[in-house]
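Input: a single structure, listed below in structure tokens.
All values below come from the heavy atoms of this structure, side chains included, with hydrogens, waters and symmetry mates left out. The chain is numbered in sequence order, starting from 1.
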Amino acid sequence: EKEKIAAEKKKVQEARIAAQKKRAEEERVAAEKKKAEDDRIAAEKKAEKERNAAEKKKKAKVAAEKKERAEEARLAAQKKLEEKRIAAEKKRAEETRIAAEKKR
């Protein structure tokens with residue numbers, strides 16, 4: 001009878017230990033899964049941040065190029081106006097000179 005009780009206690013103890021081991025293994029696996037998921041989310045966030053930074057840099061570059069082209073166009077237009085003004089001045093000076101010669 002004592003042996004039967006001792007064997008039963010041992011069986012119960014072994015079952016308890018096995019349950020603890022199983023629970024510990026399940027917790028370990030769950031922790032690994034959670035870490036893997038957290039790492040995946042962190043990697044996605046990092047990739048998104050890098051994409052956003054690249055896009056921002058690209059937009060800034062495009063804006064700078066657009067601004068530069070606008071400045072070049074403005075300078076070209078200004079140069080053209082200056083050339084027209086000079087040509088008009090020369091024409092008026094020539095006309096004034098010719099008029100003065102005719103008066104003589």
Side-chain angles (χ1 to χ4, degrees):
E1 186 67 28
K2 279 186 175 180
E3 287 177 10
K4 197 175 182 185
I5 292 171
E8 188 63 32
K9 279 185 178 178
K10 188 176 181 185
K11 197 175 178 183
V12 168
Q13 181 68 14
E14 286 173 351
R16 188 179 300 124
I17 290 169
Q20 284 175 341
K21 283 183 180 178
K22 184 179 179 189
R23 202 168 30 255
E25 178 64 14
E26 287 171 350
E27 287 172 1
R28 185 189 64 77
V29 169
E32 282 180 5
K33 282 183 179 178
K34 185 180 183 327
K35 185 181 179 340
E37 180 65 9
D38 291 349
D39 290 350
R40 183 189 66 77
I41 290 169
E44 280 182 8
K45 283 183 180 176
K46 184 180 178 189
E48 180 68 18
K49 198 172 181 182
E50 287 172 355
R51 277 193 301 276
N52 289 343
E55 185 66 26
K56 191 174 180 182
K57 190 175 177 183
K58 185 179 175 185
K59 283 182 181 178
K61 184 181 176 190
V62 168
E65 288 170 351
K66 187 177 179 181
K67 189 176 179 182
E68 189 178 332
R69 284 193 303 275
E71 180 63 11
E72 287 170 357
R74 187 188 68 76
L75 290 173
Q78 189 178 338
K79 185 178 177 185
K80 201 171 185 180
L81 282 173
E82 184 64 14
E83 288 170 352
K84 279 185 177 180
R85 187 188 62 75
I86 291 168
E89 271 182 25
K90 283 183 181 177
K91 186 177 178 186
R92 272 195 300 280
E94 183 64 17
E95 288 170 350
T96 304
R97 188 188 61 77
I98 290 170
E101 280 182 9
K102 285 183 179 175
K103 281 185 180 177
R104 284 186 205 153

In this structure, are over 12 heavy atoms from other groups packed under 6.0 Å from Glu3 atom CD? no
What residues form a side-chain hydrogen bond (donor to acceptor under 3.5 Å, both in side chains) with Glu68, not counting sequence neighbours? none
For Gln78, enumerate each residue passing the side-chain contact (heavy atoms from CB on, under 4.5 Å) test, keeping only those at least two apart in sequence or located in another chain. Arg74, Leu75
Donor + acceptor pair across side chains of Arg23, Gln20 (<3.5 Å): no
Does the distance from a Lys or Arg side-chain N to an Asp or Glu carboxylate O, for Lys45 and Glu48, drop under 4.0 Å? no
Heavy-atom side-chain contact between Glu37 and Lys33 under 4.5 Å: no
Identify whether the distance between the nearest side-chain nitrogen and carboxylate oxygen of Glu44 and Arg40 falls below 4.0 Å. yes
Using the side chain to side chain contact (heavy atoms under 4.5 Å, CB included) rule, take Lys66 and Arg69 through it: C-alpha gap first, then chi angles, then the decisive distance, then the call. CA-CA 5 Å; Lys66 187 177 179 181; Arg69 284 193 303 275; 4.0 Å; yes
Salt bridge between Lys4 and Glu1, side-chain N to carboxylate O under 4.0 Å? no
Salt bridge (charged side-chain N to carboxylate O under 4.0 Å, His left out) between Arg28 and Glu25, worked out: CA-CA 5 Å; Arg28 185 189 64 77; Glu25 178 64 14; 2.5 Å; yes
Would you call Lys58 and Lys61 a side-chain contact if the rule is heavy atoms closer than 4.5 Å? no
Just to verify, which of Glu55, Lys57, Lys56 counts as forming a side-chain contact (heavy atoms from CB on, under 4.5 Å) with Lys59? Glu55
Pairs flagged by salt bridge (Lys or Arg N to Asp or Glu O under 4.0 Å) wherever residues 82-91 is involved - sequence neighbours left out: Glu82-Arg85, Arg85-Glu89
Quick one: pull up NZ in Lys9 and CZ in Arg16 and give me the separation to the nearest 0.5 Å. 11.0 Å
Nearest 0.5 angstrom please: Lys67 NZ to Glu72 CD, how far? 13.0 Å
